[in-house]
Asker: 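Right, I'll just put the structure down here and ask away after.
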Amino acid sequence: MNDLLNELNEAQRVAVESAKGPVMIIAGAGSGKTRVITYRTAYLIHSVGASPHQILALTFTNRAAAEMRERIETLLGNGSTDGLWIGTFHANFARLLRQHISALGFTSNFSIYDAEDSQRVMKDIMTELGLNAQTLSPNTVQSKISAAKNKFILPAEFEQTARDYVDEKIAHIYRRYAERLRKNNALDFDDLLIKPIELFLQRPDILEFYQSRFAYLMIDEYQDTNRAQYLVSKMLAAKHRNICVVGDDAQSIYSWRGADISNILGFQQDYPDAVTVRLEENYRSTKVILKAANSIIKRNREQLEKKLFTQNETGEPITLMVADDERREADKISFAIRNLKVTKGFSNRDFAIFYRTNAQSRAIEDALRANAIPYKIFGNISFYKRKEIKDVVAYLRFALNEQDEESLLRIINVPTRGIGETSLDKLRQLAASEGVSIYDVMKRAAMYPDVPVRLISPLGEFRMLIESMQETAKKYSAYQVVAELYEKTRLLELLKQENTSEANARYDNLQEFLSLAKSFSDQNEGDDSLKTFLENVSLVNETEDKDESDNKVSLMTIHSAKGLEFPVVFVSGLEEKLFPLNPDDAKDLEEERRLFYVAVTRARQKLHVTYAKSRYRFGNLQPTLKSRFIDELDGDVVQTESGQFLRDLRAAEKEKKRIVRDDYSQETYEDFSEFSDNWKRPERKSASPKPSTLPTSPALSIGMKVQHKIFGSGKVIALQGVGDDAKVRVFFKTAGEKTLVVKYANLTPYN
DNA sequence: ATTCCCTTGATTTTT
DNA sequence: TCAAGGGAAT
């Protein structure tokens with residue numbers, strides 16, 4: 001162990017050796033955070049004498065958990081992590097709930113609903129309540145309910161605090177939603193975090209058990225925890241107070257998902273005796289890249305003090321690339337990659353291209369393909385979100401959990417069995433009037449005279465299929481169950497018959513799922529049960545194997561880049577309203593800035609920042625504005641393609657402005673003026689080429705009363721943007737606040 | 001009951 | 001631009 005400690009720097013060593021009491025490790029980008037966590041765990045086991053099963057390590061991603069487990073095993077030997085609870089909040093608490101959830105009126109075979117499943121339930125409830133999806137969008141409902149759950153606000157409290165019409169409706173939906181999930185014996189993603197809290201509140205004995213057991217608590221990415229996660233970790237740590245949180249407030253990028261940065265900012269208040277360790281030496285990047293990173297993050301107000309430094313070499317300047325449009329931008333990136341491969345000997349796997357929104361990947365993909373550069377996309381539309389896969393999963397879920405009506409409804413007519421909307425309504429009504437579940441009615445279909453005769457046989461077959469799968473699940477592996485399902489439903493044959501490209505893709509996906517089940521069953525001989533398999537499917541939907549062996553360029557959103565590093569990085573789309581996506585909101589802006597910080601600090605040796613002067617948006621080519629983030633970069637370390645430093649260009653621009661004053665006729669394409677000028681200029685620019693778009697929208701002003709086709713009457717509370725892009729925020733009496741695109745909203749002013 | 005076409009409407013990030 | 005949902009046709 002002493003040898004291990006010698007591999008650490010001073011701060012890292014302090015972090016590792018602070019085994020007892022509350023500890024906060026502020027780990028700057030590239031400062032060896034993972035190394036510290038793994039060494040600390042090894043230290044706990046090896047030197048402090050903790051048993052692995054006394055340690056609970058919570059991570060944000062499965063990837064991080066897997067990496068840590070692997071590295072601990074490397075340090076301490078195979079099998080050393082047996083009994084160690086290391087994984088995401090969701091995975092660990094799902095495991096805990098499987099043990100104890102009967103205390104909350106669920107059974108241990110509960111289903112886990114993803115966001116899509118839960119939105120289906122909400123939509124269904126809205127229909128039941130006669131709520132128009134037009135006035136109240138299911139998206140809003142879902143995000144509000146989820147936000148409430150993340151803050152551990154239960155339906156009762158939500159109802160009490162509901163102020164306006166919309167919130168009252170949502171409160172109503174929330175209550176029903178909770179009831180429905182209970183009836184279905186299902187938990188959604190947020191429940192995995194808040195049910196443990198409810199459990200602990202109701203059953204102090206169970207809390208006490210885990211408090212005693214988990215003598216050591218470690219939480220990674222603490223800046224991205226939400227209130228529920230905060231509460232549950234506080235509860236668990238209350239007894240031993242050996243809580244170690246690791247994070248970097250500068251890399252907090254999930255506030256939109258309920259992450260609460262004050263968790264990390266307030267750790268000292270929660271634990272006044274906490275030891276704080278700052279890891280500020282960066283081992284990843286060049287001095288140039290760190291200088292750029294520091295110049296970005298210093299613009300943010302709310303942050304813990306820290307300053308990254310490195311002993312690495314100075315490195316290449318950052319290259320700023322400007323293109324006419326997104327296709328040219330993608331071309332330039334491709335060209336740069338080809339060039340670097342030839343001149344500097346990089347290979348494909350050394351490159352990563354980041355973008356703010358998934359939609360941007362398209363142009364880049366096209367260009368890479370055209371240039372014969374192999375690539376892979378991370379965090380793509382998840383395999384498990386595909387319809388055919390969700391159908392199969394619904395079968396498996398239902399076989400395990402007959403209460404799961406959501407899944408039942410999904411598969412009842414897959415493949416088609418002639419049980420359509422009308423038949424289903426019949427069954428539903430019957431179930432309601434008899435006070436039993438739909439599946440109960442289906443099971444005893446023949447006994448109900450109201451069930452149409454032609455349904456009897458398909459219902460019987462369905463039932464036999466489910467029962468047979470249940471039998472198989474009891475005795476054999478998950479793979480066997482999936483295989484049986486395929487065989488009996490003839491899903492694959494049916495798709496093969498269709499023989500369209502779409503059907504073939506589905507066919508492949510189903511095959512892929514089968515092999516997944518196979519490899520799961522082969523690899524988990526100890527527990528290859530359907531139940532465990534399904535849990536994996538629900539919580540570990542990372543199909544992205546970061547397989548080092550395939551030598552490809554990586555494409556991903558910046559969010560999914562967190563925790564990774566690449567020798568050469570391209571950050572694309574540095575344009576106002578794209579990155580930062582919503583520059584008007586100060587709070588969002590700080591988070592976008594942190595996102596940019598994350599992007600920049602992924603690079604080891606060479607960074608490129610790119611933007612396009614125009615980009616297709618909403619179907620038409622629109623001029624763009626260079627992102628303010630470019631102006632915020634330290635001019636000493638950024639070069640244009642022609643090799644000029646930004647610092648010099650900015651000075652020249654300033655000088656020119658002083659002489660020419662208001663004459664913008666000589667304006668060059670490359671605009672390196674300071675942000676304040678840059679920001680004001682668009683209206684001048686866009687006013688002359690496209691005046692026609694403005695008159696089409698009625699002149700709106702704040703305070704004006706307007707009429708909307710669907711939402712009725714409302715009052716304008718804010719305006720933003722110009723031309724086709726102009727948006728208006730309106731408060732409607734019945735629908736609450738809405739942001740509408742003026743061009744499409746068709747608002748009629750009235751008095 | 002299913003399929004296909006057309007309209008509509010919405011544009012972020014995802015454990 | 002493009003995806004999804006609704007409605008009409010078969």
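In the text below, chain A, chain B and the rest are named by the order of the sequence lines, each starting its count at 1.
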Asker: Tell me: CD of A/Q142 to C1' of B/dT12, nearest whole Å?
Answerer: 15 Å
Asker: Side chain to side chain donor-acceptor pair (under 3.5 Å) for A/D188 and A/Y177? Distances and angles first, verdict last.
Answerer: CA-CA 10 Å; A/D188 68 16; A/Y177 172 74; 2.8 Å; yes
Asker: Quick one: which of A/I125, A/V141, A/I145 gives a side-chain contact (heavy atoms from CB on, under 4.5 Å) with A/Y174?
Answerer: A/I145
Asker: Could you tell me whether A/D224 contacts a base, only the sugar-phosphate backbone, or nothing, with contacts defined as non-hydrogen atoms closer than 4.0 Å?
Answerer: nothing
Asker: Do any side-chain nitrogens or oxygens of A/N226 fall under 4.0 Å of OP1 or OP2 in B/dT15?
Answerer: no
Asker: Is any side-chain N or O of A/H559 under 3.5 Å from a base N or O of B/dT14, one able to act as donor and the other as acceptor?
Answerer: no
Asker: Of A/Q229 and A/L581, whose nearest nucleotide on DNA chain B comes first from the 5' end?
Answerer: A/L581
Asker: What nucleotide, of B/dT14, B/dT15, B/dT12, holds the atom closest to the side chain of A/T61?
Answerer: B/dT15
Asker: Consider side-chain contact (heavy atoms from CB on, under 4.5 Å). Of A/Q229, A/K234, A/R227, which one does A/L231 pass it with?
Answerer: A/R227
Asker: Remember a base hit wins even if backbone is also touched, and classify A/S423 as base, sugar-phosphate or nothing at under 4.0 Å, heavy atoms.
Answerer: sugar-phosphate
Asker: Can you identify which nucleotide, out of B/dT15, C/dG5, B/dT13, has its nearest atom closest to the A/T557 side chain?
Answerer: B/dT13
Asker: Given atom CD of A/E116 and atom P of C/dA3, what is their separation to the nearest angstrom?
Answerer: 16 Å
Asker: When you get a sec, tell me which of B/dT2, C/dG5, B/dT15 is the closest nucleotide to the side chain of A/H90?
Answerer: B/dT15
Asker: Could you work out the separation of B/dT12 and C/dG5 based on their C1' atoms and round it to a whole Å?
Answerer: 22 Å
Asker: If you only use heavy atoms from C-beta on, which nucleotide in C/dC2, B/dT14, B/dT2 is closest to the side chain of A/R362?
Answerer: C/dC2
Asker: Measure from NZ or CZ of A/K562 to the centre of the six-membered ring of A/F60, then state whether that distance is under 6.0 Å and the direction lies within 45° of the axis.
Answerer: yes
Asker: Quick check for you: among B/dT15, B/dT14, B/dT12, whose closest atom lies nearest to any side-chain atom of A/S560?
Answerer: B/dT14
Asker: In terms of side-chain heavy atoms of A/R356, which of B/dT2, B/dT12, B/dT14 is nearest?
Answerer: B/dT12
Asker: Quick one: label A/K562 by what it contacts on the DNA or RNA (base, sugar-phosphate, nothing), any heavy atom closer than 4.0 Å.
Answerer: nothing
Asker: Where the side chain of A/T357 is concerned, which of B/dT13, B/dT2, B/dT15 is the nearest nucleotide?
Answerer: B/dT13
Asker: If stacking means aromatic ring centre less than 5.5 angstrom from the base's six-membered ring centre, planes under 30°, is A/F60 stacked on B/dT15?
Answerer: no
Asker: Reckon A/Y616 touches a base, only the sugar-phosphate, or nothing at all at heavy-atom distances under 4.0 Å?
Answerer: nothing
